[in-house]
Number of protein chains: 2
Amino acid sequence: MKLQQLRFFLAVVDNGLNITAASERLFTSQPGVSKQIRMLEDELGLSLFQRAGKSLSSLTPAGARVADRARVILREVENIKQMAGDLRGEATGQLSIATTHTQARYVLPPVVAAFRRRYPEVALDLHQGTSEQIAEMLAQAKVDLAIATGGGKLFENILRLPAYCWDRTVLVPPGHELAGGDRLTLRDLARFPLVTYVFSFHGESSFKQAFAAQGLEPNVVFTARDADVIKTYVRLGLGVGVVASMAHDESDCADLVALDARGLFPRLTTWVGFHRDRLLRDFSYDFIALFAPHLNEVRIGAALATPDQNTLDGLFADVDLPVRGGCCDHKPKIKRKST
Amino acid sequence: MKLQQLRFFLAVVDNGLNITAASERLFTSQPGVSKQIRMLEDELGLSLFQRAGKSLSSLTPAGARVADRARVILREVENIKQMAGDLRGEATGQLSIATTHTQARYVLPPVVAAFRRRYPEVALDLHQGTSEQIAEMLAQAKVDLAIATGGGKLFENILRLPAYCWDRTVLVPPGHELAGGDRLTLRDLARFPLVTYVFSFHGESSFKQAFAAQGLEPNVVFTARDADVIKTYVRLGLGVGVVASMAHDESDCADLVALDARGLFPRLTTWVGFHRDRLLRDFSYDFIALFAPHLNEVRIGAALATPDQNTLDGLFADVDLPVRGGCCDHKPKIKRKST
DNA sequence: GATATTTACGTCCGCCGTAACTATT
DNA sequence: AATAGTTACGGCGGACGTAAATATC
């Protein structure tokens with residue numbers, strides 16, 4: 001058994017059982033892939049694929065089990081290579097991060113800037129996408145880290161570490177009836193056409209739930225993937241904007257009025273996540289620490305030692321997660337232990 | 001990186017950093033091993049060994065970490081091969097078991113006989129040794145299963161499944177003062193010279209503790225590794241024998257009197273254990289089930305899913321472990337659930 | 001007929017083993 | 001001197017790529 005045989009085999013599995021596609025991704029010839037797979041099958045003495053004539057129609061049960069094990073092997077090979085880079089003391093390499101527009105546009109810029117200063121030799125790839133796309137990229141190991149909010153079942157086998165919390169902020173044009181009024185209520189909001197994020201599977205559904213809990217039905221007239229688009233339409237007077245608190249910054253103050261919506265909607269937690277079994281480069285952990293200083297080596301080590309995501313909360317009991325918002329950022333602080 | 005390079009590397013590590021010894025074990029030439037290791041080091045860009053001139057003096061920290069990962073890889077390769085044997089539906093192969101004399105001589109014979117009837121094509125290797133030797137063989141993956149009693153820290157990373165319980169039996173020659181007397185006490189035993197097992201690190205120390213708890217000091221005049229030797233000396237009138245209850249069978253009744261020692265010493269549990277991460281052949285699980293019928297696929301699966309040996313007890317809460325003794329064997333039974 | 005896989009075959013890299021050499025005791 | 005490891009080198013197997021054949025749609 002050769003590592004290459006396993007690599008070829010998995011490439012075929014991951015490319016819809018298409019040997020030609022797999023060979024192209026592997027930058028090798030198609031007959032070579034075909035042959036190595038036959039040789040692997042011969043050595044193991046079993047068929048990995050169900051064949052319909054010449055083409056592969058499906059994985060056999062045996063093939064599926066071999067594929068699972070093969071993934072472990074190739075992951076560990078990858079881990080050794082990553083480790084070697086760190087042990088050589090090199091600060092070169094690549095760090096790929098999947099995240100949402102809000103993070104990439106409003107939260108990560110200073111983090112990325114600091115990271116690039118510290119690691120000028122590391123190529124940083126920021127992949128932007130929906131929760132589903134982020135989960136997909138992480139599952140396929142196309143990215144090292146994910147930074148997102150909510151997500152529930154999408155992120156199985158992913159270690160998610162809480163980074164910070166945020167609320168929503170309501171944006172209206174200057175002079176709008178809601179501007180300068182009393183403390184905002186959901187009832188107020190329900191009276192106006194709303195402009196907010198596209199509803200995805202993840203936490204955003206809490207938007208509608210908050211209204212429903214008070215017997216209200218929000219009048220959402222327009223949704224967009226990112227806050228910049230939402231703001232544009234709010235400026236046009238199309239409606240009242242509801243965005244993530246981080247998405248409101250000083251530059252908006254000129255022509256938009258931000259209203260505090262804390263308490264109206266449930267507070268959300270943005271996390272940074274990665275595959276439990278994939279070893280990250282040292283600089284990746286540094287990136288995480290730059291992004292969320294409480295996520296230091298010790299805490300991440302403890303989190304990795306916790307087998308289950310659900311029992312992880314206790315680890316962060318002593319951390320007062322920072323709450324981020326355009327005008328009220330504050331640094332994370334560690335709770336004093338109650339005596 | 002090639003699997004062979006990892007294999008060569010680990011062989012050197014496991015042979016006292018002696019390349020020649022490693023090459024012999026690998027049935028290949030010494031320069032080949034030397035070269036492949038250099039190539040692995042070149043590819044990873046780091047030294048795996050600390051070299052003193054030409055010879056290897058120690059593993060570098062990097063080498064140690066690579067070795068750990070490499071072991072995972074080769075173990076998974078091994079697992080794939082084992083799995084292939086099962087998936088082919090073959091009932092051929094090898095099953096190596098490390099165990100103690102008592103098990104091999106008194107407990108396993110009927111199990112082995114039944115196993116051999118069912119799997120005539122499987123070569124069964126029984127390796128007999130002390131607890132320490134058994135732990136060693138299991139740790140080095142020289143055996144698939146271990147069957148032993150006690151052992152505490154010796155068996156880290158080993159999944160130990162309780163198989164049955166046993167007490168000690170006291171053996172005396174016919175006509176001995178203790179024969180036919182009242183219920184035996186430790187005080188009685190302490191009055192006579194005793195013949196029992198060699199004290200090892202494991203549960204046997206409970207022997208002395210039982211006496212010490214009553215302020216008694218046993219007079220052990222002779223110790224042996226196995227019950228047959230002990231019986232021989234008891235027959236010679238050298239002293240009173242204290243053996244595992246399984247070690248007394250009908251053939252002894254002619255010239256030895258067995259006295260029930262239940263309650264005098266703590267009850268011991270014999271377990272069957274194997275490496276958590278090593279995949280066993282199907283017939284190995286069948287062997288376990290033959291040995292301890294309550295250790296069926298479901299329970300072993302549940303035990304494998306339990307990350308920690310210490311939290312494993314709950315899994316067997318509903319099992320009434322059989323107690324084995326020369327004259328009072330009984331089958332395991334499942335406790336009725338209390339309503 | 002277009003697409004996809006296997007078979008066939010020639011090239012070349014790289015692994016292996018022998019032999020000679022070097023360092024260490 | 002004996003033991004252990006590296007360097008040198010020739011043989012050979014096997015991996016790869018091109019080209020042709022074959023099966024599938």
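Residue numbering restarts at 1 for every chain, and letters A, B, ... go by the order of the sequence lines. Since we're looking at a predicted model, the values are computed, not measured.
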[X] has an atom [atom1]; how far is it from atom [atom2] of [N], in whole Å?
X: A:Q36; N: C:dT5; atom1: CD; atom2: P; result: 16 Å
X: B:I37; N: C:dC15; atom1: CD1; atom2: P; result: 14 Å
X: A:R38; N: C:dA8; atom1: CZ; atom2: P; result: 12 Å
X: B:N15; N: D:dG5; atom1: CG; atom2: C1'; result: 16 Å
X: A:L48; N: C:dT5; atom1: CG; atom2: P; result: 16 Å
X: A:I19; N: D:dA23; atom1: CD1; atom2: C1'; result: 13 Å
X: A:M39; N: C:dT5; atom1: CE; atom2: P; result: 19 Å
X: B:E24; N: D:dG5; atom1: CD; atom2: P; result: 11 Å

Within the structure, does a side-chain N or O atom of [X] lie under 4.0 Å from either OP1 or OP2 of [N]?
X: A:Q30; N: D:dG17; result: no
X: A:Q4; N: D:dA15; result: no
X: B:K35; N: C:dG14; result: no
X: A:T28; N: D:dG17; result: yes
X: A:N18; N: C:dT5; result: yes
X: A:T20; N: C:dT3; result: no
X: B:S55; N: C:dA23; result: no

Inset, instruction - Answer yes or no: is there an ion pair linking A:D226 with A:R105, defined by an N-O contact shorter than 4.0 Å? - result: no
Inset, instruction - Using a 4.0 Å heavy-atom cut-off across all strands, classify A:G32 as base, sugar-phosphate, or nothing. - result: nothing
Inset, instruction - Describe the nucleic acid contact of B:L26 in one word from base, sugar-phosphate, nothing, applying a heavy-atom distance below 4.0 Å. - result: nothing
Inset, instruction - Among the candidates C:dC15, C:dT18, C:dT22, find the nucleotide nearest to the side-chain atoms of B:P31. - result: C:dT18
Inset, instruction - Side chain of B:K54 only, please: which of D:dG5, D:dA15, C:dG17 is the nearest? - result: D:dG5
Legend entry - First encountered from the 5' end of DNA chain D, between A:V33 and A:A52: A:V33
Inset, instruction - Could you check A:K142, A:R7, A:R71, A:R25 and say which one makes a salt bridge (charged side-chain N to carboxylate O under 4.0 Å, His left out) with A:D14? - result: A:R71
Inset, instruction - Determine the sole option in A:D86, A:D144, A:T92 for which the side-chain hydrogen bond (donor to acceptor under 3.5 Å, both in side chains) test with A:R281 is passed. - result: A:D86
Legend entry - Flag if over 12 foreign heavy atoms under 6.0 Å of CD, A:E156: no
Inset, instruction - Could you tell me the separation between the CZ atom of A:R116 and the CG atom of A:L95, rounded to the nearest 0.5 Å? - result: 10.5 Å
